[in-house]
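What follows is one structure encoded as structure tokens, with my remarks underneath.
Values reported hereafter were calculated over all heavy atoms of this structure, with side chains retained and with hydrogens, waters and symmetry mates removed.
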Amino acid sequence: MGAGKTTVLAEASDMLAQRQLVHAAIDLDAFGVAHLPSAARNDDVMYRNLESVCKNYASVGVRRFILARAIEDSSELELCRSVVGATNTVVCRLTASIETMQQRVKTRETGVLQREYVDRVANLNLILAQARLEDFTVTNENRTLSEVAREVLLRARWIPQ
């Protein structure tokens, strides 16, 4: 939270579009924003939504997907891979200082759950650090958005040097 996943996703998508590279950019968290009956789980519905959207994109020829999501464990990563139908995946972890991430979340989340979200930043950062699911890490602090997105795409080997 606050590392810039959604913002970098959008910039990377714009860079790919400039190069005419067919892709879909999906902020996975947006698919799970709901308050469901107690029998349903947001993550289950979120991944079913993702599966439907990926099938729709695939039906028009999209084979590359950029997803923004903080994936906390290997089982969720495997679920994500299977839902997307990915044969080749690359995981990038965006990082910034705890203070920067907390400030970004505080600025972005101005509603009733602001304190809860800000408090979650440090805990989520620790969970992600311990999970070590990433293929590479990119720092998203004290740099332009374009520099960060370009590094992500270069390191993922989606664009040439």
Side-chain angles (χ1 to χ4, degrees), residues 1-17 23-58 62 64-86 89-141 145-146 148-149 151-153 155-156 158:
M1 295 177 69
K5 295 178 301 298
T6 301
T7 305
V8 172
L9 168 87
E11 181 71 359
S13 179
D14 289 347
M15 290 176 162
L16 293 171
H23 71 283
I26 301 168
D27 181 355
L28 190 49
D29 290 336
F31 288 176
V33 177
H35 180 74
L36 304 174
S38 61
R41 290 190 23 170
N42 281 39
D43 279 1
D44 294 341
V45 173
M46 178 186 68
Y47 278 107
R48 289 198 332 251
N49 290 340
L50 176 63
E51 184 174 33
S52 295
V53 168
C54 288
K55 284 179 182 177
N56 290 337
Y57 279 127
V62 174
R64 290 182 178 209
F65 296 92
I66 308 172
L67 303 179
R69 171 82 172 161
I71 297 182
E72 298 182 27
D73 59 51
S74 58
S75 63
E76 184 179 4
L77 178 57
E78 290 310 312
L79 173 62
C80 189
R81 284 178 172 147
S82 69
V83 164
V84 173
T89 60
V90 179
V91 178
C92 171
R93 180 171 175 213
L94 291 177
T95 62
S97 69
I98 296 295
E99 296 77 20
T100 295
M101 291 189 294
Q102 287 174 329
Q103 186 56 48
R104 288 174 181 167
V105 171
K106 186 175 183 179
T107 300
R108 181 185 71 215
E109 303 293 343
T110 59
V112 297
L113 295 177
Q114 180 190 54
R115 181 81 257 143
E116 183 178 319
Y117 292 141
V118 171
D119 291 345
R120 174 130 164 84
V121 168
N123 185 46
L124 180 58
N125 191 59
L126 181 61
I127 290 168
L128 297 177
Q130 290 174 341
R132 295 190 311 245
L133 299 173
E134 66 274 5
D135 294 299
F136 61 90
T137 301
V138 173
T139 301
N140 183 17
E141 188 169 24
L145 174 60
S146 294
V148 174
E151 182 179 346
V152 169
L153 293 172
R155 294 190 64 190
W158 278 36

Just jot down the salt bridge (charged side-chain N to carboxylate O under 4.0 Å, His left out) partners of E78, sequence neighbours excluded, or say none. R81
Please name the pair of heavy atoms, one in V148 and one in L94, separated by the smallest distance, quoted to 0.1 Å. CG1-CD2, 4.1 Å
Of V138, L153, V152, which is the lone residue that meets side-chain contact (heavy atoms from CB on, under 4.5 Å) with V8? V152
I'd like to know if the side chain of D73 reaches the main chain of A131, judged simply by a donor and an acceptor atom lying under 3.5 Å from each other, with no hydrogens or angles considered. no
So, using side chain to side chain contact (heavy atoms under 4.5 Å, CB included) as the criterion, who are the partners of A58 when residues are at least two apart? R63
What is the distance from atom CZ of F65 to atom CG of L50, rounded to the nearest 0.5 Å? 8.0 Å
Sequence neighbours left out, what passes salt bridge (charged side-chain N to carboxylate O under 4.0 Å, His left out) with R155? Give chain and number order. E151
My understanding is that only residues two or more places apart in sequence, or in another chain, count here; which of them pass side chain to side chain contact (heavy atoms under 4.5 Å, CB included) with D44? R41
Check side chain to side chain contact (heavy atoms under 4.5 Å, CB included) between D29 and all other residues, then give those that pass, not counting sequence neighbours. D27, R69
S74: side-chain hydrogen bond (donor to acceptor under 3.5 Å, both in side chains) partners, not counting sequence neighbours: none
Quick check: closest heavy atoms across L9 and A25, and the distance to 0.1 Å? CD1-CB, 3.7 Å
Search all heavy atoms of I66 against all heavy atoms of H23 and return the closest pair with its distance. CD1-CD2, 4.2 Å
Of all heavy-atom pairs between A149 and E11, which one has the smallest distance, and what is that distance? CB-CG, 3.5 Å
Would you say T137 and C92 make side-chain contact, with heavy atoms under 4.5 Å? no
Could you note down all residue pairs passing salt bridge (Lys or Arg N to Asp or Glu O under 4.0 Å) where residues 99-116 supplies at least one of them, sequence neighbours left out? R115-D119
By side-chain hydrogen bond (donor to acceptor under 3.5 Å, both in side chains) - contacts of N49 (at least two apart): none
Ignoring hydrogens, what is the shortest heavy-atom contact between A122 and I98? Give both atom names and the distance. CA-CD1, 4.0 Å
Scan M1, Q103, Q102 and name whichever one has a side-chain contact (heavy atoms from CB on, under 4.5 Å) with V118. Q102
Please determine if R120 and E72 form a salt bridge, counting it only when a charged side-chain N lies under 4.0 Å from a carboxylate O. yes
What pairs with V53 under side chain to side chain contact (heavy atoms under 4.5 Å, CB included), at least two apart in sequence or on another chain? I26, F31, Y57
Strictly distance-based, threshold 3.5 Å: is any side-chain N or O of S82 a donor or acceptor partner for the main-chain N or O of L79? yes
Salt bridge (charged side-chain N to carboxylate O under 4.0 Å, His left out) involving E141 - partner list, sequence neighbours excluded: none
Tell me which pairs pass salt bridge (Lys or Arg N to Asp or Glu O under 4.0 Å) where either residue lies in residues 127-140, with sequence neighbours left out. none
T110 meets the side-chain hydrogen bond (donor to acceptor under 3.5 Å, both in side chains) criterion, sequence neighbours left out, with none
Here the gap from L145 atom CG to D14 atom CG, rounded to the nearest 0.5 Å, amounts to 9.0 Å
Could you give me the CA-CA distance, side-chain angles and deciding distance for T95 and N140, then say whether side-chain contact (heavy atoms from CB on, under 4.5 Å) is met? CA-CA 6 Å; T95 62; N140 183 17; over 6 Å; no
Could you go through I71 and C80, starting from their C-alpha distance and side-chain angles, then the distance that decides it, and tell me whether this counts as side-chain contact (heavy atoms from CB on, under 4.5 Å)? CA-CA 9 Å; I71 297 182; C80 189; 4.3 Å; yes
Nearest heavy-atom contact between A70 and L128 is CB-CD1, 4.2 Å
